[in-house]
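The structure under discussion appears below in the form of structure tokens.
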Amino acid sequence: MNNSLDPSDWVSLEKLGNKMIKDMMSYFQNIEGGPTWNEAPGEVKAFFKKSVPSKGVGQKQAYQEFKTKILPYSFGNGHPRFWGYVTGTGFPYAMLSDMLASGMNSISGNFNQSANFLEVQTINWFKKIMNYPQGSSGIFASGGSMSNFIGLNVARNKKAMALGIDIRKQGVSAIPENLTYYCSKETHSSVDRAIDMLGIGTDYLRKIDTNKNYQIDVEKLETTIKNDLEKGFNPCCVIGNAGTTGTGAIDDLITLSSICKKYNLWLHVDGAFGSWASISKKYGHLVKGLDCSDSLAFDLHKWMYLPFETACVLIKDKEAHFKTYNIRPDYIATSDKGFTSGEWLSDYGPQLCRRFNALKVWMSIYAIGLDKFAAMIEKDINHAKYVEKLVTSSDELELLTPVSLNVVCFRYRKEKHGDKKLNEINKTIVSTIQDNGIAMPSSKILDGKYGIRIAITNHRSQRSDFDKFIKETIRIGNLLTAK
Ligand SMILES: Cc1ncc(COP(=O)(O)O)c(C=O)c1O
């Protein structure tokens with residue numbers, strides 16, 4: 001027995017590793033043949049209740065459990081008919097590069113080492129892609145939630161600094177009048193979480209009504225800001241959306257920017273998935289104004305199809321960003337040269353050690369090139385338009401809102417039924433489609449109507465997948481209403 005965690009028999013581990021890769025390649029190649037979801041049977045669920053072993057079962061056996069009990073009952077987001085929520089699909093090359101990141105096991109973003117050079121380079125690429133000044137700062141984060149949190153934190157701290165308050169030392173209670181944040185009612189709940197974690201309190205997150213296209217009503221926004229000022233609140237930040245989770249709505253970012261300038265507010269844009277439309281020559285105009293923001297959050301694990309967890313936030317005011325997070329105890333002191341030199345990205349986010357997530361992003365973009373990603377995004381938007389046509393040309397279906405990006409919301413409809421009954425029917429359609437592994441839509445309630453919702457961030461989907469989904473939706477709807 002080896003007295004380290006390295007193998008005593010390297011050859012057999014290498015063989016096992018090759019097998020894992022071979023199996024995963026075959027998983028990817030056959031993914032479309034299986035269901036979108038496969039409920040784990042009782043004995044599999046029972047397996048996950050086993051207590052921690054003091055003697056291991058061996059690497060081959062553990063891998064066997066992965067193959068038989070874990071992989072077949074997964075979330076399923078690699079399937080070509082998975083369009084629920086907003087998730088990326090992953091792809092084989094990204095999986096392999098992610099494995100290399102685990103092999104290197106470097107701390108990302110700190111020290112004079114390649115995982116730092118590469119994260120910084122990738123962030124510089126993003127600045128170019130999103131038309132942000134090269135002097136901006138940025139950091140990789142675990143997801144859209146954390147990217148939003150970082151942006152909203154810098155907004156808070158900058159406002160506090162302007163009021164002469166060192167919020168990191170004095171805390172939020174040192175601010176005499178409550179800070180207020182503004183966003184549309186369609187904004188993702190990660191913003192509520194961030195406001196809660198920042199100690200602002202969600203009572204001070206003003207949820208502004210939307211117009212008929214589910215974009216923030218800019219007039220109501222301005223009136224609310226004015227009212228808050230009159231009442232002595234301290235307006236701090238507006239959060240705009242480049243692709244809402246529910247309908248893919250894109251707020252009028254240019255108008256939001258001029259409102260923010262007028263009232264001296266920070267503009268943060270949640271572009272978790274939508275901001276990537278900007279790399280398409282054909283559809284980039286849909287998300288115009290991203291670069292008017294003070295901070296921009298976007299994921300790589302949604303519409304860049306990369307494996308979890310990868311996202312980024314860019315911030316124009318590098319100094320405010322640095323002052324929000326910089327902390328340097330003596331045990332991580334840096335120097336001008338040598339191992340500890342260089343910029344430390346832990347000065348720009350809440351974590352000290354972060355996984356080397358930038359590697360899979362960098363390798364994928366470097367290997368594949370942005371054009372191919374743009375083509376996949378265009379394909380997704382074209383698919384959304386195709387589904388919109390299928391829906392509007394069907395007597396049994398009703399489009400609930402025009403398609404603005406890659407999200408389609410619709411419902412099955414029979415004239416004789418009112419909204420209450422239709423809501424029940426559509427809810428059952430969604431669960432029947434999900435639970436039978438036909439496809440993975442999710443839902444969204446729009447104007448009191450329960451909608452079947454698909455968010456297409458899936459490079460594997462083909463037209464035939466949408467044909468099948470719509471056909472099944474109508475078939476199940478007809479069965480339910482024939483009863
Ligand atoms: C618009 C938007 N913002 C933020 C998030 C949160 O992102 P994450 O799940 O990566 O933290 C999501 C998730 O779907 C989203 O759709």
Side-chain angles (χ1 to χ4, degrees), residues 75 77 82-90 94 126 130 139-153 181 183-198 202 205 207 210 213-216 237-251 253 256 267-278 286-287 289-290 293 295-314 349-351 354-355 357-358 360-361 377 380 384 401 404-409 440-444 446 451 453-458:
F75 186 48
N77 46 321
F82 194 108
W83 311 298
Y85 319 100
V86 195
T87 59
T89 44
F126 292 156
M130 302 298 170
I139 187 165
F140 268 73
S142 53
S145 305
M146 194 42 80
S147 302
N148 282 335
F149 173 79
I150 295 171
L152 302 184
N153 192 11
Y181 282 59
C183 64
S184 86
K185 285 186 170 158
E186 289 296 315
T187 302
H188 190 266
S189 58
S190 56
V191 168
D192 299 70
R193 274 191 204 275
I195 294 298
D196 158 13
M197 290 193 288
L198 290 170
T202 49
L205 175 62
K207 299 271 182 86
T210 52
N213 294 325
Y214 298 97
Q215 300 163 296
I216 192 166
C237 169
V238 173
I239 298 112
N241 289 294
T244 57
T245 316
T247 67
I250 298 147
D251 290 334
L253 302 178
L256 291 188
L267 176 61
H268 174 81
V269 169
D270 179 357
F273 60 97
S275 49
W276 285 103
S278 62
L286 295 175
V287 290
L290 290 176
S293 56
S295 50
L296 174 64
F298 48 90
D299 288 358
L300 284 304
H301 62 213
K302 290 187 169 69
W303 221 0
M304 282 293 277
Y305 316 101
L306 281 145
F308 296 108
E309 302 178 342
T310 36
C312 184
V313 58
L314 296 179
Q351 284 173 271
R354 285 172 308 119
R355 189 174 187 274
N357 280 322
K360 61 188 170 216
V361 180
I377 287 169
D380 284 337
T401 180
S404 50
L405 199 61
N406 60 334
V407 180
V408 192
C409 293
M440 191 56 76
S442 56
S443 60
K444 167 75 185 153
L446 292 171
R453 169 191 168 282
I454 57 170
I456 311 169
T457 47
N458 193 325

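For ligands, and for the atoms within them, numbers begin at 1 and follow the listed sequence. Values below: all heavy atoms of this structure, side chains included; hydrogens, waters and symmetry mates excluded. Numbers here are sequence positions counted from 1. Predicted model, so just to flag it, every value in this text is computed and none were measured.
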Hey, is the main chain of N241 close enough, under 3.5 Å, to the side chain of D251 for a donor-acceptor pair?
yes
Is any side-chain heavy atom of V407 closer than 4.5 Å to a side-chain heavy atom of W83?
no
Protein contact to atom 3 (N) of ligand 1 [nearest heavy atom, distance to 0.1 Å]:
D270 OD2, 2.6 Å
Students should be able to answer this: which protein heavy-atom is nearest to atom 6 (C) of ligand 1, and at what distance?
H188 CE1, 3.4 Å
Hey, which atoms in ligand 1 end up nearer than 4.0 Å to a heavy atom of A272?
1 (C), 2 (C), 3 (N), 4 (C), 15 (C)
Among all residues two or more places apart in sequence or in another chain, which pass the salt bridge (Lys or Arg N to Asp or Glu O under 4.0 Å) test with D299?
K302
Atom indices of ligand 1, in the order listed, that fall short of 4.0 Å to a heavy atom of S190:
4 (C)
Which is it for H301 and ligand 1 at heavy atoms under 4.0 Å: side chain, backbone, both or neither?
side chain
Nearest protein heavy atom to atom 7 (O) of ligand 1, by residue and atom, and its distance?
K302 NZ, 3.0 Å
Protein residue, atom and distance nearest to atom 11 (O) of ligand 1, heavy-atom basis:
S145 OG, 2.6 Å
Counting non-hydrogen protein atoms only, what is the nearest one to atom 1 (C) of ligand 1? Give residue, atom name and distance.
T245 OG1, 3.3 Å
For ligand 1, which atoms, with element, lie under 4.0 Å from some heavy atom of G243?
1 (C)
Please confirm whether T244 comes within less than 3.5 Å of ligand 1 when only nitrogen or oxygen atoms on both sides are compared.
no
So, E309 and R354, do they make that salt bridge, N to O below 4.0 Å?
no
